[in-house]
Structure formats: C-alpha cells, structure tokens
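First comes the structure, then the notes that go with it.
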Amino acid sequence: MKKAIYTAFILSGTFMFSQEKSPDTVEGSATKEIQEVILKSQRKKQFADKAVYTFDREALEKARYAKDLLQTLPELQLDPVANTITSTKGGATLFLINGIEATDLQIRSVMPGDVVKVEYYDIPPARWATRADTVVNILTRSAETGYVFGADLSAAFNTGFVNGSAYANYTKGKNNLGFEYSINLRDYDDRRVSSIYDYRLNGKQYRSDENRTDHFGYTFQSIALRYTRMVPEDYAFQVKLNMDVFSRFSKGIGQSVFTMDSFSEQHSMFKNNGSDYVIPKLDLYYSKEIGDKDELSLNLVGSHYTTNTSETAKEWIMGSGLSVYDNDMVLKAKQTSIVGELAHTHDFAAGKLSSGYRFSVTSISNDLNNLAGYSRYSVNYLEQYIYSEFSGKIEKFTYRVGAGLTNIHNKSAANTFDEWSFTPKVVLGYQLKNNQNFRFTGSYSPVSPSSNALSSNVVQLAPNIVQRGNPFLKSQQVFSNNLTYSFSNKYFDFNAALFYRYTDRVINQYYVQDEVSGGYALTYENGKYGQRYGMQLTGSYKPFGSNLLVLKAVITPTSETIRTGRDMVIKNNYLGNYFVLSSEYKSFSVQYQFNIPVYSLSGAFLNTNENQNNIFISYKHRNWTFSTGMYWIGMPSEYKTKSLPESLVDYRVHTQIMNNKSMFVLGLSYDFSKGKKTELQRKLNNETAPAATF
C-alpha cells in the first residue's frame, strides 16, 4: 500500500512544471560529527545543511568510477551534452574530493571502492556560499601507493560536436602527481536567428524584422598539472598549475525588412564576432594542524592574461548599397586577478568554530575601439570578506550561526563604489524521525555587478539600437530564506521547500532613450527591489527499491517581481519542470531526460531555459565503456527571448540550432587503476574572476 501511495504522489507531480535556482545558503556541519552519527546500514543521513550518502556493494560494483555514483543521488544528474554532473535544481555546483576542489576528471580518477561516502550540501559552507548553490564533497579512504589513468571521446558524425579528455595520477608515499586534459569543440553551420525590434521614435513607428543564418562555434581546452605532499596529522601542501584555452566565433548573414510608418525597404546584413583567451593560473595551498583541536589553512590563487574580443556588423539597403549602420568594436582586456584566504578552525566540546578572511582583487586594463571612438581605461574590483561561524547540536536540534563583514570596492575611470555590509547567516534543523526533518536557512549578502554590466563599452544591435554598460552600478543586497521538509526511505527521497528571496537595489537591464546615438540604448540600472518566492518539490522514486528503475523530478511554482528605478512593477509567474527516467541492469544503463521550457524574468526580458529531449545508453565491459545517444530528439535546441510590455522597445528573438536536431553521438572510454590515490583534505578553495568581455 505504501508503494502505491508513493507512486501516485510522484506521478501526480508530473502535471506541474517549474524550475528555480538554489537560493543563497550557509555552511554545513563538520565531518567529524558525521562520522560519529552515521550508520553503515543507512544509505542517507539528513542533517540541517546537507545529506550524507553511502553506497551498497551492488552500486559500487556497477559503477566505473565515483562519477557514476554521483548520478545515483536524487539531486544530481548527468548533462549528456557537456558530459558533466549538474544539480537537478539548477545553479552552480562545486565538487570536492576530501575537501579540495575537484574537476570532472579528478572525480573520474576515484574508483568506486575508494568512496566512503558523499556529502551533498544544499546549504553550502560559508567559504563556498558566494561561489556555488550546491556543494558535493566525496570522502575517500586513506592513501596508498598506486596509479590511475583513463581517456574518453564522444562525437557526433553529422556535425561539429566533440568531447574528449584524458587523465593520469601517480602516488608514492606522501607524494602525488596528477595530470588532466579536456577539450570541448562545437562547430555548427546552421543556427537560425529571427528577431524583431519594434519601437516609436520621434513621432514615427519603426520596425526591424531580421532573419539570419549563423556559422558559429567554440573550442575550450583545459590543461592541469598538480603536485601534492601530505603528512598525516601534521601538514598538507599542494601546488596546481592550470591553463584554460578558449576561442569562439560567429559569422552570420541575413536580410531584414526595415519599416518606418508605412514606408518599408529591404536590407542586407552580416554580423561577425569572436573572442579568445589563454589563462595560466597558479594555485597554492597549505594547511597545518596545531594540536588536536586547531587547524590553520592558507590558499592563494593568481592569474594574468589578455582577452581579445571583436565584433563587426554592417547593414545596408539592398540595390543601392547605402549604409544603414557600420559597427566595428575591438576590445583588448589585460586582466590580473589574485584571490587569497586565511582560515582557522577550533573544536569545542559544544561544537566547532570556523573563522577566516578572504580577499579578491581584479585589475583590468582595457584598450577599446568602438562606436564612441578609441579609449584606454582601467577598472579595479576589490572584495573582502571576514567571517566567523559556530555550529553545534542539542539533542534533535542542529544549528549553525554565522556573522561576517563584506566590503565591495569597485573603481573605474567614471566612478568609485565602496561599501561595507553586515552579512549574518543562520541554519536551524530539527529531526522528526530518522528519515524526516525540517530545516530553516536565512542569509543576507551583497552581490557585486559583473564586469560586463560595469563596462563603458558600446555596440550597435540594430538600426537606432545600441547596447551600453553602466559604470555607476551599485552592488545588490540579497536577503534569502528557505524552509525545507525532507523525507527518505528505500523507495522515495523527497524535499519540499518554501523559499523567499528579496533583492534590494536589484540590477536590471532595460531600454532607455540614448542622447548620444539619438535612438535607444539597452543598458543597466539599479532597480528599487526584486523578489522571488514559491515552492520547490524535488525527489526521486525507485519502485523496486533499486536503480533498476528511477524517476527524478523537479517541480517549482514560482512568482517573481521587479520594481524598476522608474517605479514600474514587472511581474512573472511560471511552472517549470525537469524529469529524468533511468534504468541500470547489470552492465547496461539507459537514461532519458525531458523538460518543457518556461519563461523566466531577466531584466527587461523574459527568457526560456534550454529545451531537453535526450536519451543515452552505455555498456561497460571490464575497463571499457561504450556509449551512444540521441540529443534533442525530433527537435533542434531552441531559445526564445521577448521584452516585457513595459519596455520602450518591443524586442523578440527566436534562435534554433538545426545541427542539434536529433543529434546522434557515439562514445568510447577506458579507465584503469591500481592502488589508491593521495587525496588532500583541503579546507580552502578559491577561483579568480572570469574573463572580461562584452
């Protein structure tokens, strides 16, 4: 009877659709505490800020590596296009191995038998809360001498789609050496873009109806070499060298019908753009145990590189060849980034105290040619964060209370913004039964504008339409609350969360009249506030109590509102959805993913999320894995954007990548290991700022 009730409940939810990113959250409980309370016979143990998963012998035998184990978690899924693990709830996910930040290839290098348990933080610890919505920490057994290596390749035969990677690790004594390489290549020659700009200017009605076909693509390569030395109960040291190589291009030609009142004419156009960068990065980490109860950790990350971005767009009247607009933009941005963090932990009898200081400095020197002429200017971004948190447990209550100070200091040629903010955080948990609990989280934090939003750049989008940044933007202030009920047993894993997120000085993109160009400009402002609230239902159902058949679902009714700087109220409601149906039988596995895209609010626009209708199959034979799949079955990948009724410009765009339609992919991978790896239980993980483009 219970099975029938669970089945009816999860299937009834398939008629509701939604999607929502994870809200801001707070730190998790200590590993030491988990080891004391978790039972080997339990597959899941729920805490106030995370869930801890263990795996039975059958799951360990079927998995090729730790990455396969992560797919079985109800909150995680495999993205078949990028071949990476992501959260079913959306948002950014950070992966760790024994506390150290790990790449997808590092997760592959961990053999299933070495995995003790996996910590899934849907409320990330303070040191990661500003970087990720979800944190996954894989805890492994102690190190032994050994080596591991592997490689994989998957590609489509009828279009430019390639994912490839290789990795190797060697451990001897207290020393470990690791190497990784990955490449993602896309080269599509049939992207179709239809867009409309409709607006009233100087008493006349204008409309630009454009249809364009693009040849576009990108290549991303990542190379990493790392050395680790770990002396148990004493110190750990790691040096890691990364090199990220990226290039993208887009070449489009098309026609448009330009209308002014009752007069219309045929236009031709081309739009080309591209960018490239090579990012060398040095990451140093050191931790030292001081006595039995204290640990001090230091992390320093630095990078220096140049990003080249160019855009050329021309539109002219067919027949006469008379130019309508001519846009040339060349941006060379030299960027230096340094991130440093010092952290200390102390174990008390009643709980654990964590404190730290982190700073992030980014300096960008811009050499720019655009519609406004030639300019050279520099911008500097500084963010400082001082934090302290205490976590403990009193019978069935678990708590974590934290407080911090955040300083954002953004300086450009046009403006300087400097502000200190108090950032409190709290998480409370109450265990009803072994498999049921309630959790409440609350946080308040500032969010700095992106470098693109603060940019002084300007580019032409269409006749009478340009795009500008806004150097005068202030940081957003985000207040987030969540109340979550969790339930799990052999067949069912379920979370129901009520969420409310209020953003003061919300950054909003919108159209304004542009005095310089005489038309309209798409730019940024600090609106008065934004808010988002609703309910998120996530879960998985196993009718046979195993991975023979698993249904995962995410359902989130959501309401969102923005009050602009002009005191206009923008509202949007949506019911998104995401579903995964998977099955594992002996050496075979199959997975099907499906969603119905919905419109969500993004400044002056409503954007759809990417459509999904994918199936992929794999077969494991010893160290080899053979895979195949078809992505976007019967449909191209598709993206839609439309402006709101309040917008000065009525803008709509519909993009389809026809190369993706029913894209058939074959893959092959080989993985081998002997012995175990040295894994560093690292307490600090930082990342420098992303490349500055526009």
Side-chain angles (χ1 to χ4, degrees), residues 1-14 29 34-63 66-78 85 87-89 112-113 115-122 134 136-139 396 398 429-439 484-497 536-555 578-593:
M1 183 62 184
K2 288 185 178 180
K3 289 186 183 181
I5 293 174
Y6 298 149
T7 305
F9 184 88
I10 191 65
L11 292 180
S12 67
T14 63
S29 53
I34 296 170
Q35 293 172 339
E36 292 170 351
V37 301
I38 192 167
L39 303 177
K40 289 290 184 181
S41 60
Q42 288 182 300
R43 184 178 181 275
K44 178 181 180 181
K45 180 72 175 180
Q46 183 68 59
F47 292 86
D49 52 0
K50 67 176 177 290
V52 179
Y53 291 90
T54 57
F55 304 93
D56 57 24
R57 179 178 298 176
E58 182 182 1
L60 296 175
E61 290 176 350
K62 285 184 177 181
K67 183 176 176 180
D68 286 346
L69 296 176
L70 296 185
Q71 294 182 53
T72 66
L73 270 61
E75 301 91 348
L76 299 177
Q77 50 116 5
L78 177 68
I85 300 295
S87 171
T88 58
K89 300 186 293 183
V115 176
V116 177
K117 56 196 172 187
V118 173
E119 299 174 330
Y120 175 86
Y121 291 88
D122 55 355
T134 301
V136 180
N137 187 24
I138 305 168
L139 299 175
K396 293 186 177 182
T398 304
Y430 179 74
Q431 187 173 348
L432 297 173
K433 297 180 180 179
N434 288 335
N435 62 345
Q436 299 181 59
N437 65 64
F438 278 105
R439 296 178 291 154
T484 305
Y485 167 76
S486 300
F487 170 82
S488 64
N489 60 19
K490 182 179 180 180
Y491 305 98
F492 200 55
D493 193 303
F494 173 72
N495 291 282
Q536 184 172 78
L537 307 175
T538 63
S540 68
Y541 174 53
K542 300 180 179 180
F544 303 106
S546 69
N547 291 330
L548 182 63
L549 181 63
V550 182
L551 174 64
K552 295 182 182 180
V554 181
I555 302 164
Y578 180 76
F579 298 98
V580 179
L581 185 65
S582 64
S583 177
E584 293 183 11
Y585 179 71
K586 294 184 178 179
S587 298
F588 288 92
S589 66
V590 59
Q591 186 170 127
Y592 173 69
Q593 301 174 335

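All figures in this text were calculated on a predicted structure; none of them were measured in a lab.
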Practice task
Rounded to the nearest 0.5 Å, what's the gap from OG on S582 to NZ on K542? Could you check?
Solution key: 8.5 Å

Completion exercise
Closest heavy-atom pair, S583 versus L548, reported as atoms and distance to 0.1 Å, is OG-O, 2.5 Å

Problem - Donor-acceptor contact present, side-chain K552 to main-chain L73, <3.5 Å - result: yes

Fill in the blank from the handout: Tightest non-hydrogen contact, residues A66 and I138, listed as CB-CD1, 4.4 Å

Completion exercise
For Y120 and T134, the nearest pair of non-hydrogen atoms, with its separation, is CE1-CG2, 3.3 Å

Handout entry: Distance in Å, E584 CD paired with D68 CG, rounded so as to fall on 0.5 Å steps
Key = 7.5 Å

Exercise for the section: Would you check if there is a donor-acceptor pair between the side chains of N495 and S486 at a distance under 3.5 Å? Expected result: yes

Fill in the blank from the handout: Output for pair (K117 NZ, L139 CG), nearest 0.5 Å, gives 6.0 Å

Problem - Test item: L549 and L581 side chains (from C-beta on) under 4.5 Å apart, heavy atoms - result: yes

Practice task
Could you give me the CA-CA distance, side-chain angles and deciding distance for Y53 and K44, then say whether side chain to side chain contact (heavy atoms under 4.5 Å, CB included) is met?
Solution key: CA-CA 5 Å; Y53 291 90; K44 178 181 180 181; 3.5 Å; yes

Exercise for the section: Evaluate the side chain to side chain contact (heavy atoms under 4.5 Å, CB included) criterion for residues Q71 and Q591: first the C-alpha distance (whole Å), next the side-chain angles of each, then the deciding distance (0.1 Å), finally the verdict. Expected result: CA-CA 11 Å; Q71 294 182 53; Q591 186 170 127; 3.9 Å; yes

Handout entry: Y585 OH: over 12 foreign heavy atoms closer than 6.0 Å
Key = no

Problem - Side-chain heavy atoms of L69 within contact of V118, under 4.5 Å - result: no

Practice task
Kindly indicate whether the side chain of F494, heavy atoms from C-beta on, has any atom under 4.5 Å from the side chain of L537.
Solution key: yes

Completion exercise
NZ of K396 to NZ of K433, rounded to nearest 0.5 Å, is 9.5 Å

Practice task
For the residue pair F487 and F492, categorise the inter-ring angle as parallel (less than 30°), tilted (30 to 60°) or perpendicular (more than 60°).
Solution key: tilted

Fill in the blank from the handout: Minimal heavy-atom distance between T484 and A497, with the atoms involved, is OG1-CB, 3.5 Å

Practice task
Look up atom OH in Y491 and atom OG in S546, then write down how far apart they are to the nearest 0.5 Å.
Solution key: 9.5 Å

Fill in the blank from the handout: Taken to the nearest 0.5 Å, the spacing of Y592 OH from L551 CG works out to 12.0 Å

